[in-house]
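These notes are about the structure you will find just below.
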There are 2 protein chains.
Amino acid sequence: METPLSDPVSHPTSTRSPLPTDLHTAKLAKAPIEQRAKIFAALADPTRLHIVELLAQHRELSGSEIATQVGISLALFCHHSKILAEVGLLDIRRDGQTKYNSLNQTLLMDCCNYFLQRCEQQS
Amino acid sequence: METPLSDPVSHPTSTRSPLPTDLHTAKLAKAPIEQRAKIFAALADPTRLHIVELLAQHRELSGSEIATQVGISLALFCHHSKILAEVGLLDIRRDGQTKYNSLNQTLLMDCCNYFLQRCEQQS
DNA sequence: AAAATAGTTAAACAACTATTTAACTAAAAT
DNA sequence: ATTTTAGTTAAATAGTTGTTTAACTATTTT
C-alpha cells in the first residue's frame, strides 16, 4: 500500500490546519505523476464519484448510510472506500462498530489548484 | 460518440467567452454522473495526465510535438487524444497536415468548481 | 514524381477493475 | 446468550483499457 499524499494525522477532519494552498500544491507537484493520476482514477468511477459528491455535501456519513444512499451493497462500498482512502481522499473515524467517512476537501482543492496554477503561468 | 460537455464552437481556443463560471458548473451538474466521471477517467491515466499538464503550460502544441515531449509514439498519442477530445478537454485546430491541440481550461475549472461549490454549501 | 512528415485506424494482447456472492469478525441490542 | 448490525475479505467473472505493431491516407518537401 502506498502512502497517501495527504497526511491524515496532520490534517484531521475536524481540525484542518489553515495552511496556504501553495504548500499543498507544491507537495502534489513533487509527487510522481502516477500518484496524481491515481487521485483522478479514484474519481473516475461513477459509483465512487457518487460517494465523493455525497460526502462533499454531508461532511460525515457512516458506511451503511453511504451504501443505502448510493444504492450499493456494503461489500461494494467497502471496496470503493478502500480505493478512496488509499489516495487520501477519505478520512475515516471509528466509533464502536461504525466507521464515519468524510471527504478530504484539502486534497481535492489541491488537485484543482495544481492545474489552475499551470494554466495561469502559461508560456 | 457522446456529445462533449463543452461546445467547441461557442468556446474556441483563441476566443473563449467570459461567461460566469456558475453557468458552466450548472451545465456540468445537469449532466449525468457517468459523463462527469468520464472527465476524471480522461485524467486518470499517467500518459494522458502528462499531455494535459503539458498543454496547461504551452497553450498549443501539435500531435508530433506532444508525442516526442511525452515520449510516446504518434499512434499512442492519437489514441489518448481521442479520449481527451471525446470528453471535451481537448480543443483541436487543423493547419494543413498538422493538428494543433490546446486544453479546454474552462471545462477543467468547471470540474474543480463543481466540488468546491458542494463543499461550501454543506449541510 | 518520389520521399518524408503528420496523423489515423484496426487487430492483438496483457493487465487491470467493477461487481456479485459468500463466508467471516466484532460490536450492539434484544 | 442469541440475534442484529456494521464492516471486512476473498474468489470468481465479465468488462474495460493501455500499449504495440503494422498498414493506411493525406499533406508537404525535395
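Fair warning: this is a prediction, and the values are worked out from it, not measured in the lab. In what follows, chains are A, B, ... by sequence order, proteins preceding strands, each numbered from 1.
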(request) Let me know the distance between CG of B/Leu76 and C1' of C/dG7, rounded to the nearest Å. (result) 14 Å
(request) Could you check A/Asp95 against A/Ile72 and say which one's nearest nucleotide on DNA chain C is further toward the 5' end? (result) A/Ile72
(message) Closest-nucleotide mapping onto DNA chain D: is B/Ile83 or B/Ala75 further toward the 5' terminus? I mean the 5' end.
(response) B/Ile83
(request) Output yes when at least one side-chain N/O atom of B/Lys82 is less than 4.0 Å from OP1 or OP2 of C/dG7, else no. (result) no
(request) Write down the distance between CD1 (B/Ile51) and C1' (D/dG18), rounded to a whole number of angstrom. (result) 12 Å
(request) Starting at atom CG of A/Asp45, determine the distance to atom P of D/dT16, rounded to an integer number of angstrom. (result) 13 Å
(message) If I take atom NE2 in residue B/His79 and atom C1' in nucleotide D/dT16, what distance separates them, rounded to the nearest angstrom?
(response) 11 Å
(request) Verify the contact: side-chain N or O of B/Lys99 to OP1 or OP2 of C/dT8, cut-off strictly under 4.0 Å; return yes or no. (result) yes
(message) Any base atoms under 4.0 Å from B/His80, or only sugar-phosphate, or nothing? Heavy atoms, all strands.
(response) sugar-phosphate
(message) Could you check whether the side chain of B/Gln97 and the base of C/dT5 have a donor-acceptor pair of N or O atoms closer than 3.5 Å, going by distance alone?
(response) yes
(message) Side-chain N or O of B/Arg48 versus OP1/OP2 of D/dG18: is the shortest distance under 4.0 Å?
(response) yes
(request) Taking A/Arg118 for its side chain and A/Glu120 for its backbone only, find out whether a donor-acceptor pair lies under 3.5 Å. (result) no
(request) Verify salt bridge (Lys or Arg N to Asp or Glu O under 4.0 Å) between B/Lys38 and B/Glu86, making sure each step is shown before the conclusion. (result) CA-CA 9 Å; B/Lys38 274 197 177 179; B/Glu86 219 166 275; 5.1 Å; no
(request) Let me know the distance between CD1 of B/Ile92 and C1' of C/dA6, rounded to the nearest Å. (result) 14 Å
(request) Ignoring backbone atoms, establish whether A/Ser64 has a side-chain N or O less than 4.0 Å from OP1 or OP2 of D/dG7. (result) yes
(request) Determine, using ring centers only, whether B/Phe40 and B/Tyr114 are less than 6.0 Å apart. (result) no
(message) In whole Å, I'd like the distance from the CZ atom of B/Arg94 to the C1' atom of D/dT28.
(response) 12 Å
(message) Determine whether a donor-acceptor pair (N or O, by modelled atom type, separation under 3.5 Å) exists between the side chain of A/Arg36 and the backbone of A/Cys111.
(response) no
(request) Between A/Gly96 and A/Thr47, just flag the one whose closest nucleotide in DNA chain C comes earlier from the 5' side. (result) A/Thr47
(message) Just the rounded figure in Å: distance from P of D/dT19 to CG of B/Leu74.
(response) 15 Å
(request) Using modelled atom types only, decide if a donor and an acceptor are shared between the side chain of B/Asn101 and the backbone of B/Leu61 within a distance under 3.5 Å. (result) yes
(request) Would you mind reading off the distance between B/Ile66 atom CD1 and C/dT8 atom C1', rounded to a whole angstrom? (result) 16 Å
